[in-house]
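Written out below as structure tokens is the structure these notes cover.
The model shown is predicted, which means the values in this text are computed figures rather than measured ones. Labels below follow one simple rule: chain letters A, B, ... track the order of the sequence lines, proteins then strands, and each chain is numbered from 1.
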Protein chains: 2
Amino acid sequence: MPLGLPDDPGPARLDRARIARAALDLLRTDGADAFSMRRLAAALQIKSPSLYWHVRSKDELFDLLVDDVLGTVPLPDGDDGPWDERLRDLGLALRRVLLAHPDVARLMPGRTPFGPNGLALAERVIGVLRRAGFDDRLAGYGYLLLMFYVVGFAAQETAFGKGPDNPERLTEISRFLGGLPADRYPNVVAAAGTLTGRPGLTDRFELGLTGILNGLDRDRASSR
Amino acid sequence: MPLGLPDDPGPARLDRARIARAALDLLRTDGADAFSMRRLAAALQIKSPSLYWHVRSKDELFDLLVDDVLGTVPLPDGDDGPWDERLRDLGLALRRVLLAHPDVARLMPGRTPFGPNGLALAERVIGVLRRAGFDDRLAGYGYLLLMFYVVGFAAQETAFGKGPDNPERLTEISRFLGGLPADRYPNVVAAAGTLTGRPGLTDRFELGLTGILNGLDRDRASSR
DNA sequence: ACCTGAACACCGTTCAAGT
DNA sequence: ACCTGAACACCGTTCAAGT
């Protein structure tokens, strides 16, 4: 026992929260392609089979990561303000959170976001809609439409190199599109610059979100 | 040489098209989790390294599959009819194609759909927008918004077990949501039935699509 | 030009065994 | 209860060698 470190606790004890945190770090620093249970174990200074005491599988771990990230979305807690404004704010907040975790965002399509935090989010969204006069059916669909739009948008956005990370992917795509033969793809070439421009996408996201909420409103009106 | 089969050609010669077709079959029959280059090679009665003569990597093969599927989307060829109706039809057609290839749909978020067929689709969409009076910038964003919405929606839709395949996934989710404690998740439980009902989603998809196109229209108007 | 055998450097996961 | 060693059954990909 080395002197001067009388109470060195060694690496902290393993639990699901610590595993999730390390997994998020590993995804963020090394990317999804480099992620593996063995590397995650190494980052935690542990052997990989130990992970399976705390987590059933890699897939379940990914579900956990998604739910952890969803847990950081601020939910409106009162019940004041028009329903569409509240859902618009929630959509914007969800996108911001997903852009901050691009790899987790890309994990989401293909998954069903019904961990504790995902359920809390669903409960809130469906509640807002029902209290605004949507019947159960339309409220359920409204939730799905909102989630599909926001998650789908954010997941693809990060793939284009938008989002905070790798701007070099952006310029690579931009060069490719801009270098296309202009006689064959005149329209793509003309728009190549903006296909890979960053700031305008947030406006377009909001535009689509507003359009969807307007559509829901018309849906509600025609149902009564 | 066996009699009666004087010209048996054996398994047809390998090429990218045959590889792509076999890969699509394998994905459809065995699912994405079971897909591997080695199994694909086995299905083609070939050893896996042979694949690498025709295709640089598994990732490039997946890009090829995406582009092949995009190639089956019918593009409007004339230039008549209002722009928003044409894009609406194209969005609906793209979704139909993606639902017919759920695994490929789930491959798309995270990819950049710029193979030959993807470019042809982009060229068409951006062209429709520019001829409708959108400037280059808004036309580019309009294309992105449309693609993000349709692809994101379809990818997540298939994950819910909607789409033609596995209805048992749907009922599993439905049971889970319906069995939740009603005091804690009253809204989710109330809407559980429709979160997993099939036919209404197509209407909601259209509703969102229409809302997005309306939003683009307002965007165009305010830009001049 | 196209295909294979053999190999490299990995995977996720299980399970008996240790503490 | 929690962690490890050893192993199983795989992966994607490379590359020298065959035809």
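- For A/E60 and C/dT13, the CD to P distance is 10 Å, given to the nearest whole Å.
- For B/R16 and B/E60, the salt-bridge test passes: some basic side-chain N is under 4.0 Å from an acidic carboxylate O.
- Spacing between atom CG of A/L44 and atom C1' of D/dC3 amounts to 13 Å, rounded to whole angstrom units.
- Put simply, CG on B/D30 is 14 Å from P on D/dC10, counting in whole angstrom units.
- Between A/R39 and C/dC10 there is no side-chain polar atom (N or O) within less than 4.0 angstrom of OP1 or OP2.
- In this structure a side-chain-to-backbone donor-acceptor pair under 3.5 Å is missing from B/Y141 to B/L216.
- Comment: B/R175 does not engage B/E172 in a salt bridge, judged by the lack of any side-chain N to carboxylate O separation of less than 4.0 angstrom.
- Summarising the base pairing, C/dT13 is matched to D/dA7 through a Watson-Crick or G-U wobble pair whose two defining distances lie under 3.5 Å.
- Rounding to whole angstrom units, CG of residue B/D59 and P of D/dC11 are separated by 18 Å.
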Donor-acceptor pairs under 3.5 Å, side chain of residues 111-122 of chain B to any protein atom, not counting sequence neighbours: which ones?
unit_1, atom_1, unit_2, atom_2, d
B/R111, NE, B/L107, O, 3.2
B/R111, NH1, B/D59, O, 3.3
B/R111, NH1, B/D59, OD1, 3.3
B/R111, NH1, B/D63, OD1, 2.9
B/R111, NH2, B/D59, OD1, 3.1
B/N117, ND2, B/D67, O, 3.0
B/N117, ND2, B/D67, OD2, 3.3

Nucleotides 4-8 of chain C: which of its N/O atoms have a protein N/O under 3.5 Å away?
unit_1, atom_1, unit_2, atom_2, d
C/dT4, OP2, B/K47, N, 3.0
C/dT4, OP2, B/S50, OG, 2.5

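- Residue A/W53 places no side-chain N or O under 4.0 Å from the OP1 or OP2 atom of D/dC3.
- For A/H54, no side-chain nitrogen or oxygen approaches OP1 or OP2 of D/dA1 to under 4.0 Å.
- Summarising the geometry, the separation between CE on A/M37 and P on D/dC11 is reported as 19 Å, rounded to the nearest angstrom.
- In this structure, A/D183 places its CG atom where more than 12 heavy-atom neighbours from other residues, nucleotides or ligands lie under 6.0 Å away.
- C/dC11 atom P lies 9 Å from atom NZ of A/K58, rounded to whole Å.
- The interatomic distance linking A/Y52 (OH) with C/dA16 (C1') rounds to 18 Å, in whole Å.
- The partner of D/dA1 is C/dT19, judged by Watson-Crick or G-U wobble contacts that both fall below 3.5 Å.
- Rounded to whole Å, the P atom of D/dA9 lies 23 Å from the corresponding atom of C/dA9.
- Rounding to whole angstrom units, CG of residue A/D33 and P of C/dC11 are separated by 12 Å.
- A salt bridge is defined here as a Lys NZ or Arg NE, NH1 or NH2 lying under 4.0 Å from an Asp or Glu carboxylate O, and A/R106 with A/D103 meets this definition.
- Taken from CG in B/L145 to CD in A/Q156, the straight-line distance is 10.5 Å, to the nearest 0.5 Å.
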